[in-house]
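Encoded as structure tokens, the structure appears first; notes follow it.
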There are 2 protein chains.
Amino acid sequence: MTGPASGEASKADLVHRQLKEEIELGELAPGTPLSELWLVERTGASRTPVREALRRLAAEGLVDLVPRQGARVSRVSLQSVRDLFDFRSLLEPAAIRQATEAATGDPELRRVFATMRSEFARTVRRVPSQARSRAFYELADRFDWAIIGATRNEHLRRTISELRPHTARLRNLSHVDPQRVEVSVAEHLRMCDALLAGDADEAAAAMAEHLAQSLATIFRNLARGPAEGLDLLG
Amino acid sequence: MTGPASGEASKADLVHRQLKEEIELGELAPGTPLSELWLVERTGASRTPVREALRRLAAEGLVDLVPRQGARVSRVSLQSVRDLFDFRSLLEPAAIRQATEAATGDPELRRVFATMRSEFARTVRRVPSQARSRAFYELADRFDWAIIGATRNEHLRRTISELRPHTARLRNLSHVDPQRVEVSVAEHLRMCDALLAGDADEAAAAMAEHLAQSLATIFRNLARGPAEGLDLLG
DNA sequence: TGTATACAAGTTGTATACAGTACCGGCGGC
DNA sequence: GCCGCCGGTACTGTATACAACTTGTATACA
């Protein structure tokens, strides 16, 4: 077999997606060596698509590629976490600003966010605390994607999208803080309210606050508990 | 020959760099089809490194890659220009802000920018207007790189760097406006002064103003003159 | 014992052969 | 005359063979 069928995904796409997911979930821990031959055995594809997948992951920053030496799952340092959140704090407030403006003139989009707002509220009220964090993160993901989707600027959209796997990985590598979920729901409600009210400044401020709180929580947890899979370099 | 010598660049790197430069300079016009075989003939490398170079260029947005169809030099629309400058207006003020803060505590860095400031001033005073625009753009490039280099945040640095080829290409595809150069020098002087004075807000404002003026000039020129190599879709 | 060197294993970088698809032309039917 | 079918061509996607480099280890030597 050599060519992929008509509209289907190429093997390079499949390998790329699989590895990306495994890195996100932490199944492939930071620092894990990724030999091309090993991935060939593992995925069933040949070296060419494996190579392409690795290069793509390297471009996204999920893999560190040393020229004549090989690839490893990229490591996570305190500095990299700071950098990530600083950068998100620059981009995502701008994105929610654009989304707010887009929603102002688009009833359909408003409905989407209104629905999400009620879902956030329900998450706090009705979902048992056991399953709450999972439900919340799923919902928060959808919220983020809705923001991204409502972002007009192509570059902004792409750049934020490429940051998401890093954020997700960070969440999966560290422990979930149940208390954090409660507060984070409130932050999302604030964002929804501002967005639905058409108040772009307030929405942006709410997003900035949300990111600052997320970062603070991560750092608190790291200082307290063990840093599973994290390198404490910075 | 198969492996690259010790510290040398791989063929994929070479092809990538060569194509990037040709696209930047406009020698490969937007929309030009880039068949792998054609590039093999043209560069002397085999398909594997050529493929890798194409994928990399696609990731940078310099090439449009249609799955079973091939690659073309990416097209430039009015919308893409707007998007590019809107995005730069988000990133680069933040970058010069960081650079300003970095320079405050780093005499060596201050010296670099001080030197550049005087070079900008000299460009206006002494360089004959014939060679002025070339000298100016070279200097402006160095200025931009200095800003990028002084940027602490890894993501910010990388993202701005990836935007630069697009900006450069735009400049090379459109006609240079000698009047614009005069004004742009003044804008750069303002940025230098603010940076050296340690006034991050003013530096950021100056950068925003500079970008807005650049965009306005481009649009004015496009409305007036012919749009060489540009698709007027947006 | 410490250092330098040669060897071996494993890895990536590259070239190339093969398989399957999309596009383009001409031809026949309606 | 127009539309749909069909083959040829050129291309991409994939697999694999080969060459060169890097690293680690064992050995010889000072």
Side-chain angles (χ1 to χ4, degrees), chain A residues 1-20 22-23 28-75, chain B residues 1-20 22-23 28-75:
Chain A
M1 157 193 26
T2 83
S6 188
E8 292 172 21
S10 70
K11 294 212 168 187
D13 285 335
L14 294 175
V15 174
H16 170 72
R17 190 156 53 201
Q18 180 187 336
L19 284 177
K20 185 157 119 183
E22 289 181 333
I23 294 174
L28 289 173
T32 306
L34 299 174
S35 143
E36 293 179 2
L37 247 59
W38 182 63
L39 292 173
V40 163
E41 286 180 30
R42 219 164 155 278
T43 63
S46 77
R47 272 188 69 205
T48 310
V50 163
R51 254 179 100 74
E52 185 176 326
L54 280 178
R55 299 307 159 95
R56 243 188 274 178
L57 290 167
E60 299 170 49
L62 290 172
V63 153
D64 289 336
L65 209 46
V66 184
R68 265 268 172 204
Q69 196 161 343
R72 312 177 84 88
V73 178
S74 72
R75 297 180 179 280
Chain B
M1 159 192 25
T2 83
S6 187
E8 294 173 21
S10 69
K11 295 214 166 187
D13 285 335
L14 295 176
V15 174
H16 170 73
R17 191 157 52 201
Q18 179 186 338
L19 284 176
K20 185 157 120 182
E22 289 181 333
I23 293 174
L28 289 172
T32 305
L34 299 174
S35 144
E36 293 179 2
L37 246 59
W38 183 63
L39 292 174
V40 164
E41 287 179 31
R42 216 163 157 280
T43 62
S46 78
R47 273 189 65 206
T48 309
V50 163
R51 256 179 99 75
E52 184 177 328
L54 280 178
R55 299 307 158 91
R56 243 188 272 178
L57 290 167
E60 298 170 52
L62 291 173
V63 153
D64 289 335
L65 208 47
V66 184
R68 266 269 169 202
Q69 197 163 340
R72 314 176 82 88
V73 178
S74 72
R75 297 181 178 279

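So you know, we letter chains A, B, ... as the sequences are listed, proteins then strands, and number each from 1.
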Base-pair string, DNA chain D, Watson-Crick plus G-U, cut-off 3.5 Å on both distances, | for inter-strand, is ||||||||||||||||||||||||||||||

Residue-phosphate contact under 4.0 Å: B:Q69 side-chain N/O, C:dC23 OP1/OP2: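 Yes, within the criterion.
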
My understanding is that only residues two or more places apart in sequence, or in another chain, count here; which of them pass side chain to side chain contact (heavy atoms under 4.5 Å, CB included) with A:R72?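 Per chain and number, A:R72 pairs via side chain to side chain contact (heavy atoms under 4.5 Å, CB included) with A:P33, A:R75.
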
Would you mind reading off the distance between [X] atom [atom1] and [N] atom [atom2], rounded to a whole angstrom?
| X | N | atom1 | atom2 | answer |
| --- | --- | --- | --- | --- |
| A:K11 | C:dT21 | NZ | P | 13 Å |
| A:W38 | C:dT12 | CH2 | P | 12 Å |
| B:E41 | C:dA15 | CD | C1' | 16 Å |

Pairing residues for B:R56 by the salt bridge (charged side-chain N to carboxylate O under 4.0 Å, His left out) criterion, not counting sequence neighbours: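 Scan of B:R56 (salt bridge (charged side-chain N to carboxylate O under 4.0 Å, His left out), adjacent residues dropped) gives B:D13, B:E52.
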
For the atom pair NZ (B:K11) and OG (B:S46), what is the distance rounded to the nearest 0.5 Å?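 So the NZ of B:K11 and the OG of B:S46 are separated by 7.5 Å.
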
Using 0.5 Å steps for rounding, measure from the CG atom of A:L19 to the CG atom of A:L34.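 So the CG of A:L19 and the CG of A:L34 are separated by 6.5 Å.
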
Flag, side chain of A:T32 to backbone of A:L28, donor-acceptor distance under 3.5 Å: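 Flag not set: sc A:T32 to bb A:L28 has no pair under 3.5 Å.
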
When you measure from every atom of DNA chain D, which of residues 42-56 of chain A have a heavy atom less than 4.0 Å away?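 Result for residues 42-56 of chain A: A:A45, A:S46, A:R47, A:T48, A:P49, sorted by number.
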
Considering only residues two or more places apart or on different chains, which pairs with a residue in residues 57-66 of chain B satisfy salt bridge (charged side-chain N to carboxylate O under 4.0 Å, His left out)?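 For residues 57-66 of chain B, and leaving out neighbouring residues, the salt bridge (charged side-chain N to carboxylate O under 4.0 Å, His left out) pairs sorted by first residue read B:K20-B:E60.
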
So which heavy atom on A:V50 is nearest to which on A:E36, and how close?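 Result for this residue pair: CG1-O, 4.0 Å.
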
Of the candidate nucleotides D:dT12, C:dT12, D:dA15, which contains the atom at the shortest distance from the side chain of B:E36?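 Of the options given, the side chain of B:E36 lies nearest D:dT12.
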
Given D:dT14, C:dT14, C:dC23, which nucleotide is nearest the side-chain atoms of B:A12?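 Closest of the options to the side chain of B:A12: C:dT14.
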
Side chain B:R68 and base C:dT21 donor-acceptor under 3.5 Å: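 A donor-acceptor contact between them is absent.
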
Apply side chain to side chain donor-acceptor pair (under 3.5 Å) to A:R42 and list each qualifying residue two or more places apart in sequence or on a separate chain.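 A:R42 satisfies side chain to side chain donor-acceptor pair (under 3.5 Å) with A:E22 once adjacent residues are dropped.
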
